[in-house]
Participant: 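Here it is, the structure, as structure tokens.
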There are 2 protein chains.
Amino acid sequence: MARDSAAEGAAQPGLTRQMLVAAGLRVLEREGISGLSMRKVAAELGVKAASLYWHVRNKEQLLDLLTDGLMADAEPPPRQGDWREQLREYSLRYRRHLLAKRDSAKVVAGRLTLGPNLLRLMEEQLDRLREAGFSDADAALANYLLGAFVQGFVLQEQSPISASETEGASRSEVARAAADRLRGLPETAFPNLVALAGDLTAPSMDDRFAFGLERLLDGLAALLTENHAHPTPEPAPLEGKPSPHE
Amino acid sequence: MARDSAAEGAAQPGLTRQMLVAAGLRVLEREGISGLSMRKVAAELGVKAASLYWHVRNKEQLLDLLTDGLMADAEPPPRQGDWREQLREYSLRYRRHLLAKRDSAKVVAGRLTLGPNLLRLMEEQLDRLREAGFSDADAALANYLLGAFVQGFVLQEQSPISASETEGASRSEVARAAADRLRGLPETAFPNLVALAGDLTAPSMDDRFAFGLERLLDGLAALLTENHAHPTPEPAPLEGKPSPHE
DNA sequence: ACCTGAACACCGTTCAAGT
DNA sequence: ACCTGAACACCGTTCAAGT
């Protein structure tokens with residue numbers, strides 16, 4: 001159940017959540033996500049694995065804490081420039097931030113934690129979005145969208161192209177091999193893959209990210225201009241109605 | 001090393017890769033990704049874990065095979081409608097397809113396999129994109145972007161909101177709790193989070209997906225119209241130059 | 001050529017017991 | 001209040017040995 005406030009004047013615990021998080025981040029950086037075990041985190045603290053369970057319910061909860069810890073030194077959107085530049089810069093920096101921390105996306109992905117560090121970033125981003133003229137609802141949706149985009153993208157980026165053939169092989173070697181593979185496909189069945197073999201494999205991850213980001217920003221910009229112009233078939237936020245898949 | 005062609009007239013192997021994949025998919029559906037172990041897959045086939053290693057190098061390779069197996073019955077983009085409708089419909093269906101298979105996104109995410117089933121889908125999607133008038137380079141980038149978007153999104157969607165508080169609690173209860181949490185923040189430090197507490201927590205995943213998808217499609221549409229109008233600061237695909245982070 | 005037994009080096013988690 | 005020893009029920013992978 002893990003106390004939050006050490007109410008009584010208890011002897012200082014020797015271990016704190018903050019120490020678990022710091023140790024967890026060190027293990028993650030050193031050994032990657034596959035090496036991030038409760039036992040190793042405990043060892044990092046000079047303690048036995050069972051001890052961690054006094055401070056944390058289970059490994060999932062530790063991962064939640066690590067998720068917010070990974071955001072600790074992420075920079076919020078800048079203040080100079082128009083909203084496009086602000087959001088572009090923020091997204092690029094956020095991506096670099098995640099890329100710099102080993103396997104960070106694997107920890108963060110699919111984990112919506114709302115820890116203090118994430119809240120700080122959200123607050124700033126929402127500020128820029130509203131300043132830009134987005135409605136409250138659009139600002140909220142855009143905030144989610146941008147976060148999901150960057151996290152999802154880095155997740156792909158931090159994983160080996162195809163785990164089964166990760167043995168050696170540089171970035172460009174893998175791309176060359178993929179291109180050859182596509183070019184060698186039966187042309188009658190896969191005319192487009194054969195024709196675009198080069199285009200599909202040439203772009204760097206930087207290129208792909210930049211492309212996606214500019215498309216997203218263009219899409220958001222369209223919200224500001226056409227406002228109520230042509231009717232995009234966007235589903236109204238159906239009230240209580242249960243969603244189809246549940 | 002796992003043979004591909006059973007060259008000699010060897011006695012039929014009893015086990016085949018296809019059987020591994022089918023068994024793996026059954027285990028995944030029944031027990032989720034945390035229950036997907038080599039031992040359980042083996043048991044599903046009435047065999048011992050060590051036997052699998054004759055047919056497959058390791059678990060990673062089996063996951064690669066499962067990734068393509070998950071695409072087996074995914075539907076390609078439809079032919080009716082304009083390109084926007086085609087891509088919208090395809091993305092919506094692809095999302096539903098992944099959502100319908102337990103933990104599929106956790107298997108698929110960060111795994112670019114280029115198996116036969118994925119190739120089939122790519123071929124069709126590239127066809128629609130080129131038909132719509134996108135350049136080869138843009139079609140290739142858009143193809144990657146849409147795939148990454150849907151996969152990344154479903155990954156968030158298939159994970160519990162916050163793993164540490166997954167005990168019971170329905171969709172709407174979690175949303176309510178999050179809203180209350182945001183509303184309760186210190187207003188001077190987090191004015192936007194407090195003001196948008198409702199907007200941030202109200203949208204369903206359907207809403208969020210639709211929003212992101214329409215923004216992406218708008219962004220792609222802009223590529224077709226303005227073509228060379230105003231200069232978006234898109235980095236030229238720098239030739240051999242090493243990327244900053246490596 | 002294909003499968004198994006047995007082992008190695010790990011896991012997350014629980015819980016009685018210590019201090 | 002906090003930490004440990006010891007155990008339980010698992011993992012992925014290897015490899016000599018069987019057929």
Side-chain angles (χ1 to χ4, degrees), chain A residues 1-20 23-24 27-28 30-66 103 106-107 111 160 163-164 166-167, chain B residues 1-20 23-24 27-28 30-66 103 106-107 111 160 163-164 166-167:
Chain A
M1 195 43 65
R3 87 284 99 91
D4 246 5
S5 51
E8 325 289 315
Q12 80 279 23
L15 239 50
T16 65
R17 276 192 179 192
Q18 294 190 36
M19 292 170 69
L20 296 212
V27 173
L28 180 65
R30 192 189 330 121
E31 319 217 20
I33 187 125
S34 72
L36 182 67
S37 68
M38 296 299 271
R39 293 166 127 99
K40 293 229 186 89
V41 172
E44 180 79 15
L45 293 164
V47 114
K48 298 316 177 79
S51 311
L52 303 184
Y53 288 84
W54 181 261
H55 302 271
V56 117
R57 187 158 35 230
N58 50 30
K59 189 180 183 182
E60 273 304 298
Q61 193 178 61
L62 179 56
L63 288 173
D64 275 358
L65 295 173
L66 290 180
D103 285 347
K106 287 212 172 102
V107 175
R111 213 175 284 275
S164 60
T166 305
E167 331 290 298
Chain B
M1 196 43 66
R3 86 285 99 89
D4 247 7
S5 51
E8 325 289 317
Q12 79 280 21
L15 241 49
T16 64
R17 276 192 180 193
Q18 293 188 36
M19 292 170 69
L20 296 211
V27 173
L28 180 64
R30 194 190 328 124
E31 320 216 19
I33 187 123
S34 73
L36 182 68
S37 68
M38 296 299 271
R39 293 166 127 100
K40 292 228 186 91
V41 173
E44 180 80 14
L45 293 163
V47 113
K48 298 314 178 77
S51 311
L52 303 184
Y53 289 83
W54 182 261
H55 302 271
V56 116
R57 187 159 35 229
N58 49 29
K59 189 180 181 182
E60 273 302 299
Q61 192 178 62
L62 179 56
L63 288 173
D64 275 358
L65 296 173
L66 289 180
D103 285 347
K106 288 214 172 102
V107 175
R111 214 175 283 277
S164 60
T166 306
E167 333 290 298

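We name chains A, B, ... by the order of the sequence lines, and we start the count at 1 in each one. These numbers were taken from a predicted model, which means no experiment stands behind them.
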Participant: What pairs meet the salt bridge (Lys or Arg N to Asp or Glu O under 4.0 Å) rule with one or both residues in residues 44-55 of chain B, with sequence neighbours excluded?
Facilitator: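 Found R26(B)-E44(B), R30(B)-E44(B).
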Participant: Just the atom pairs and distances: protein N or O near nucleotides 6-13 of chain D's N or O, under 3.5 Å.
Facilitator:
| unit_1 | atom_1 | unit_2 | atom_2 | d |
| --- | --- | --- | --- | --- |
| dC11(D) | OP1 | S37(B) | OG | 3.2 |
| dC11(D) | OP1 | K40(B) | NZ | 3.3 |
| dG12(D) | OP1 | M38(B) | N | 3.2 |
| dG12(D) | OP1 | K59(B) | NZ | 3.0 |
| dG12(D) | OP2 | M38(B) | N | 3.0 |
| dG12(D) | N7 | R39(B) | NH1 | 2.4 |
| dG12(D) | O6 | R39(B) | NH1 | 3.2 |
| dT13(D) | OP2 | Y53(B) | OH | 2.7 |
| dT13(D) | OP2 | K59(B) | N | 2.9 |
| dT13(D) | O5' | Y53(B) | OH | 3.4 |

Participant: Using both pair distances under 3.5 Å as the test, note the stems of at least 3 consecutive Watson-Crick or G-U pairs that include DNA chain D.
Facilitator: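 The stems that DNA chain D takes part in, listed by first number, are C:4-8 with D:12-16, C:12-16 with D:4-8.
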Participant: If I take atom CG in residue L20(B) and atom C1' in nucleotide dC3(C), what distance separates them, rounded to the nearest angstrom?
Facilitator: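 Interatomic distance, CG of L20(B) to C1' of dC3(C): 13 Å.
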Participant: Kindly say if W54(B) contacts the phosphate of dC3(C), meaning a side-chain N or O under 4.0 Å from OP1 or OP2.
Facilitator: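 No, because none of the side-chain N or O atoms of W54(B) sits under 4.0 Å from OP1 or OP2 of dC3(C).
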Participant: Measure the shortest side-chain to side-chain distance between H55(B) and Q18(B) over non-hydrogen atoms and say whether it is less than 4.5 angstrom.
Facilitator: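 They are not in side-chain contact.
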Participant: At what distance, to the nearest 0.5 angstrom, does CG of L52(B) lie from CD of Q61(B)?
Facilitator: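 One finds 11.5 Å between CG of L52(B) and CD of Q61(B).
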Participant: Take V56(A) and L20(A) through the test side chain to side chain contact (heavy atoms under 4.5 Å, CB included) and record every step on the way to the result.
Facilitator: CA-CA 9 Å; V56(A) 117; L20(A) 296 212; 4.2 Å; yes
Participant: Could you grab the distance from atom NZ of K59(A) to atom CG of D64(A), nearest 0.5 Å is fine?
Facilitator: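 Result: 13.0 Å between the selected atoms.
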Participant: Roughly how many Å is it from NZ in K48(A) to C1' in dA16(C), rounded to a whole number?
Facilitator: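 Those two atoms, NZ and C1', are 17 Å apart.
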Participant: Using only side-chain N and O atoms of H55(B), determine if any of them is under 4.0 Å from OP1 or OP2 of dC3(C).
Facilitator: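 Checking dC3(C) against H55(B), a side-chain N or O does come within under 4.0 Å of OP1 or OP2.
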Participant: Show which side-chain atoms of residues 32-42 of chain A pair as donor or acceptor with protein atoms under 3.5 Å away, not counting sequence neighbours.
Facilitator:
| unit_1 | atom_1 | unit_2 | atom_2 | d |
| --- | --- | --- | --- | --- |
| S37(A) | OG | K40(A) | N | 3.1 |
| K40(A) | NZ | E31(A) | OE1 | 3.4 |
| K40(A) | NZ | G35(A) | O | 3.4 |

